[in-house]
J.: 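Okay, handing you the structure first.
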Amino acid sequence: MTASPAAPAPSEKGAEVGRRIGVGLMYGLWKPRVLGAWRVPATGPVIYAVNHAHNIDGPMVMGVAPRSTHFLIKKEAFVGPLGRFLTGIGQVEVDRHSTDRTAIARALGVLDNGGVLGIFPEGTRGEGDFASLRAGLAYFAVRSGAPIVPVAVLGSTDRPGRLIKALPPLRSRVDVVFGDPFDAGDGSGRRTRKALDEATERIQKQLTAHLENARRLTGR
């Protein structure tokens with residue numbers, strides 16, 4: 001996988017605007033309980049690896065995380081006004097069904113600029129248990145050298161809301177647990193298929209352990 005050098009990095013100012021919007025919405029509509037945010041490195045490139053069980057998981061992390069976040073988001077969401085809004089707040093459009101070199105370049109640009117890249121390593125919304133990881137997370141972590149911070153979002157799928165069934169009940173509690181940062185690579189800098197497969201295996205063990213710990217910590 002190689003990145004196209006022509007793709008501009010997403011807007012950092014836009015991502016900060018997105019974070020502020022997220023703060024207002026997430027704390028206004030629900031009751032987030034944030035644990036371990038102090039573990040996120042204050043500066044330098046970071047990758048958030050977030051479990052994905054509900055559509056609000058990404059916006060929730062954007063709103064409660066200590067640093068503004070550029071998420072990789074499927075291109076199907078970039079339609080009409082929503083697409084322009086997502087681009088404006090520094091999010092990264094990605095085609096999940098091909099080697100999207102523009103998205104790769106823009107995501108690496110975030111990390112090269114010392115920003116925070118948010119990834120749903122399962123690739124799509126599912127059980128949110130990190131059971132099936134795609135290789136993209138390993139590639140970005142090994143290629144950039146950025147540490148991975150595991151993030152568990154719990155409670156977003158406990159029960160549907162009364163007013164809007166597709167959302168958690170208004171003012172319900174959603175837990176967001178940040179884990180300790182870790183390096184995915186083995187220190188050799190290798191980016192071979194074997195090295196990425198080994199990194200993916202290491203990542204899965206770390207993320208699964210974090211999710212189990214988060215569930216114990218929150219009682220969910």
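We count residues from 1, following the sequence as given.
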J.: With sequence neighbours excluded, tell me which residues meet salt bridge (Lys or Arg N to Asp or Glu O under 4.0 Å) with K75.
T.: D95
J.: Can you pull out every ring pair (Phe, Tyr, Trp, His ring centres under 6.0 Å) where at least one residue sits in residues 56-106? Sequence neighbours excluded, please.
T.: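 Sorted result for residues 56-106: F71-F120.
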J.: Look at atom CZ of R33 and say whether more than 12 heavy atoms of other residues, nucleotides or ligands are closer to it than 6.0 Å.
T.: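 More than 12 within 6.0 Å, yes.
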J.: Can you tell me if W30 uses its side chain to pair, donor with acceptor, with the backbone of V174 under 3.5 Å?
T.: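 Between the backbone of V174 and the side chain of W30 there is no qualifying donor-acceptor contact (under 3.5 Å).
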J.: Just verifying a value: how many Å separate M60 CE and L154 CG, rounded to the nearest 0.5 Å?
T.: 11.5 Å
J.: Measuring from atom CD of E198 to atom CG of L196, what distance do you get when rounded to the nearest 0.5 angstrom?
T.: 9.5 Å
J.: If you take all heavy atoms of F182 and P150, which pair is closest and at what distance?
T.: CE2-CD, 4.0 Å
J.: Out of curiosity, does L82 fall in the hydrophobic cluster containing I89 (side-chain heavy atoms, cut-off under 4.5 Å, transitive links)?
T.: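 Yes: a chain of side-chain contacts under 4.5 Å links I89 to L82.
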J.: Not counting sequence neighbours, which residues clear salt bridge (Lys or Arg N to Asp or Glu O under 4.0 Å) with D186? List them please.
T.: R190
J.: Could you list the residues that satisfy salt bridge (Lys or Arg N to Asp or Glu O under 4.0 Å) with D100, not counting sequence neighbours?
T.: none
J.: Quick one, L25 and P59 - any side-chain contact, counting heavy atoms below 4.5 Å?
T.: no
J.: Return yes if some donor-acceptor pair links the side-chain N/O of Q206 with the main-chain N/O of P181 below 3.5 Å, else return no.
T.: no
J.: At what distance, to the nearest 0.5 angstrom, does CG of N51 lie from CG of D57?
T.: 6.0 Å
J.: Ignoring hydrogens and geometry, is there a side-chain-to-backbone donor-acceptor pair from N213 to A209 under 3.5 Å?
T.: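 Flag not set: sc N213 to bb A209 has no pair under 3.5 Å.
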J.: Could you pull out all residues at least two apart from K205 that satisfy salt bridge (Lys or Arg N to Asp or Glu O under 4.0 Å)?
T.: E201
J.: Locate the shortest heavy-atom distance separating A214 from A152; write the atom from each residue and the value.
T.: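 Heavy atoms only, the tightest pair is CB-CB, 3.8 Å.
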J.: Could you pull out the closest heavy-atom pair between E12 and S68, with the gap in Å?
T.: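 Heavy atoms of E12 and S68 come nearest at OE2-OG, 2.8 Å.
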J.: With rounding to the nearest 0.5 Å, note down the distance linking CD in E93 to CG in L86.
T.: 9.0 Å
J.: Taking only residues two or more places apart in sequence or in another chain, which ones pass side chain to side chain donor-acceptor pair (under 3.5 Å) with S144?
T.: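 In terms of side chain to side chain donor-acceptor pair (under 3.5 Å), with neighbours along the sequence ignored, S144 is linked to no residue.
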J.: List the atom of T218, the atom of R173, and the distance in Å for their closest heavy-atom pair.
T.: O-NH2, 3.8 Å
J.: For residues 37-50, which side-chain N or O atoms pair as donor and acceptor with protein atoms under 3.5 Å away, sequence neighbours left out?
T.:
{"unit_1": "R39", "atom_1": "NE", "unit_2": "D180", "atom_2": "OD1", "d": "2.9"}
{"unit_1": "R39", "atom_1": "NH1", "unit_2": "F178", "atom_2": "O", "d": "3.1"}

J.: Taking ILVMFWY side chains as joined if any heavy atoms are under 4.5 angstrom apart, and letting links pass through other members, which residues group with V177?
T.: L35, L217
J.: With side chain to side chain contact (heavy atoms under 4.5 Å, CB included) as the criterion, how do K194 and D197 come out once you've worked through the C-alpha distance, each side chain's angles and the decisive distance to 0.1 Å?
T.: CA-CA 5 Å; K194 184 173 185 292; D197 287 345; 5.7 Å; no
J.: Applying side chain to side chain donor-acceptor pair (under 3.5 Å), can you list everything that pairs with R19, at least two apart in sequence or on another chain?
T.: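 Applying side chain to side chain donor-acceptor pair (under 3.5 Å) to R19 gives E16.
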J.: Would you call R106 and T102 a side-chain contact if the rule is heavy atoms closer than 4.5 Å?
T.: yes
J.: Given R96 and E76, is the side chain to side chain contact (heavy atoms under 4.5 Å, CB included) satisfied, shown in steps?
T.: CA-CA 10 Å; R96 298 174 298 167; E76 290 84 354; 3.8 Å; yes
J.: Testing the basics here: between L108 and R143, what is the closest heavy-atom pair and its distance to 0.1 Å?
T.: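 Scanning both residues completely, I find the closest heavy atoms to be CD2-CG, 3.6 Å.
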J.: So, taking the atom named CD in E212 and the one named OG1 in T208, what distance separates them when rounded to the nearest 0.5 Å?
T.: 6.5 Å
J.: How far does CD1 of I148 sit from CZ of R202, to the nearest 0.5 angstrom?
T.: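 The CD1 atom of I148 sits 10.0 Å away from the CZ atom of R202.
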J.: Using side chain to side chain contact (heavy atoms under 4.5 Å, CB included) as the criterion, list what pairs up with R171, not counting sequence neighbours.
T.: K31
J.: Between P121 and L207, what is the shortest heavy-atom contact and its length?
T.: CG-CD1, 3.9 Å
